[in-house]
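Some notes on the structure that comes next.
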Amino acid sequence: MPKYILAKYIPEYSGREITLKGWVYNIRKSGKIWFLIFRDGTEFVQCVVLKNEVSEAVFEMKSTLTQESSIAVTGVVQEAPRQETGYEILVKNIEVYHVAEEYPIALKEHGIEFLMDHRHLWLRSRGPYAVMKVRAELEQASRDFFNARDFTLVDSPMFTPNAAEGSTTLFETKYFDRKAYLTQSGQLYSEAAIMALNRTYCFGPCFRAEKSKTRRHLTEFWMVEPEMAFFDIHDDMDLAEEFVESLVKRVLGNCKRELQMLERDTAKLEGITRPFPRITYDEALEILHRKGFEVEWGEDFGAPHETAISEEFDKPVMIWRWPAATKAFYMKRDPEDERYVLGVDMIAPEGHGEIIGGSQREEDIDVLLRRIETEALSREDFEWFLDIRRYGSVPHAGFGLGLERTTGWMCGTRHIRECIPWPRTMVRLKP
RNA sequence: UCCGGAGUGGCUCAAUGGUAGAGCGGGUGGCUGUUAACCACUAGGUUGUAGGUUCGAAUCCUAUCUCCGGAGCCA
């Protein structure tokens, strides 16, 4: 018998005496019986304290233990069908590490500002706990997916010398006697890396200094970005679809308990199987016009448009073949019609927005040079990027998946600030 | 940056021009199967800030700060 066990394993010790180490989540007192809801970061377990089963000192802890006090509980694991886990602990002894001061977060409703100010404590609550577990599962599932398909992890730098896409606002920082910017994407570096390693992915934080105040935006977020040599836009979409399907499967398989805690309707996730609908921008525009939106050809879609399109499907929908003006300079033009680029966005169901943006990349140096010129980007900054097209250029493609948006979709979270441990937004830099 | 909304005990809210209340949390007591347990008692607020109108302002006006929701941009 180990010195102590993690709470998630108590079913394996049914009928035996074990010790748990963790924190008091809640206490419900009665006269000669009291209930201690225990948590240790692996599960929440009810512990029952009966007057005639423990010493008087332990029984009297009902009036000295406070919410979030740290303890070691020794007791017998017994079946309890009314518990979510099916088990509870009949307490024999409690040892106290620390009696917590009055805890700010009650087991009642709080406002989001208060909770985010106390994020360092809020993480202990059931909801954030479950979301963090799902997020971690998605990260691991992503790595497993690409590692199993001959991708090499090649992480990209956070400091960059220039504005990669020119359009979005970057955080500027001092870099000794120069300026540097925080990366908004690892893609350009991945394009170089695949010429060395064929298929790569990077997985790290990205930074956008845009003054976005919506439930879908953070200034610091995580993105997993695969990049593949010899892939065209269709191969790219095939992979994106297989990837997202695998993520849903992993979360459904490994995060049942977390989804239960979050009261997520898993039926909506169970239907997420290949193939996903693929429509072109023009087809999406028809849907919008049919639904009464006034969008001109060539305009990008806003959040209400995305939601309206996603409502037509019960799976993620891929919208591809976009008007060139709406997309970044590096996307490949459609050879059949120069007005379009071979880019794709994947929109998650239930209003969770765009979770993937990808494209086939422009491999022709002359076309790329023209676009750099048209968009008034600095050619000097992109010389290394152009080298990729000078030495054995090949068709290639890739995409980026936003981790927080995907986590939000899996968990049914309204706002993605709950899907990252320490959210950074326009108005929040603490804790 | 623009549009809309809100700031009242530790927290969540009520009080719409006339003596600032409730629930939760805290404290005290009660209860042997509770499920954000329950019951009783109790402490706790110069109503975001600065001006103004009024006999009288949480309430009306002006300014300002902060946050929330949405837009643009995007993952």
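Lettering of chains follows the sequences in order, A, B, ..., and the numbering in each one begins at 1. We use all heavy atoms of the structure for the numbers below, so side chains are in, but hydrogens, waters and symmetry mates are not.
Across all strands shown, A:Gly353 has no heavy atoms under 4.0 Å from either base or sugar-phosphate atoms. When heavy atoms are screened at a 4.0 angstrom cut-off, A:Leu401 is found touching no nucleic acid atom at all. Counting non-hydrogen atoms under 4.0 angstrom, A:Phe114 reaches the backbone sugars and phosphates but no base. Looking at heavy-atom distances under 4.0 Å, A:Leu218 makes contact with a base. Nucleic acid contact class of A:Ile37 (heavy atoms, under 4.0 Å, all strands): none. If you check every strand for non-hydrogen atoms under 4.0 Å, A:His415 touches sugar and phosphate atoms only. Residue A:Asn52 is in base contact, counting any heavy-atom pair closer than 4.0 Å across all strands shown. When heavy atoms are screened at a 4.0 angstrom cut-off, A:Lys213 is found touching base atoms of the nucleic acid. A:Gln67 comes within 4.0 angstrom of nothing in the nucleic acid, heavy atoms only.
Rounded to whole Å, atom P of B:rC74 lies 14 Å from atom CD of A:Gln187. One atom, NZ of A:Lys51, and another, C1' of B:rU34, lie 18 Å apart when rounded to the nearest Å.
Judged by distance alone with a 3.5 Å cut-off, a donor-acceptor contact links the side chain of A:His217 to the base of B:rC74. Contact annotation: side chain of A:Arg215 to base of B:rC68, donor-acceptor pair absent below 3.5 Å. No donor-acceptor contact under 3.5 Å links the side chain of A:Arg82 to the base of B:rU34.
Contact detail for A:Pro421 and A:Leu123: the closest heavy-atom pair is O-CD2, 4.3 Å.
The existence of a salt bridge linking A:Arg126 and A:Glu258 is excluded, since no basic side-chain nitrogen approaches an acidic carboxylate oxygen closer than 4.0 Å.
Comparing B:rC55 with B:rC41, their C1' atoms are spaced 40 Å from each other, to the whole Å. Across the C1' atoms, B:rC60 and B:rU47 are found 16 Å apart, a figure rounded to whole Å.
Taking 4.0 angstrom as the limit, A:Lys211 places a side-chain polar atom (N or O) nearer than this to OP1 or OP2 of B:rU1.
By the side chain to side chain donor-acceptor pair (under 3.5 Å) test, A:Gln67 pairs with no residue at all, sequence neighbours left out.
Applying side chain to side chain contact (heavy atoms under 4.5 Å, CB included) to A:Cys255 and the options A:Leu262, A:Val134, A:Thr266 leaves one that passes, A:Val134.
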- request: Dot-bracket notation for RNA chain B is requested: 5' to 3', Watson-Crick or G-U wobble pairs only, both distances under 3.5 Å, with ( ), [ ], | and . as defined.
  value: (((((((..((((....[..)))).(((((.......))))).....(((((..]....))))))))))))....
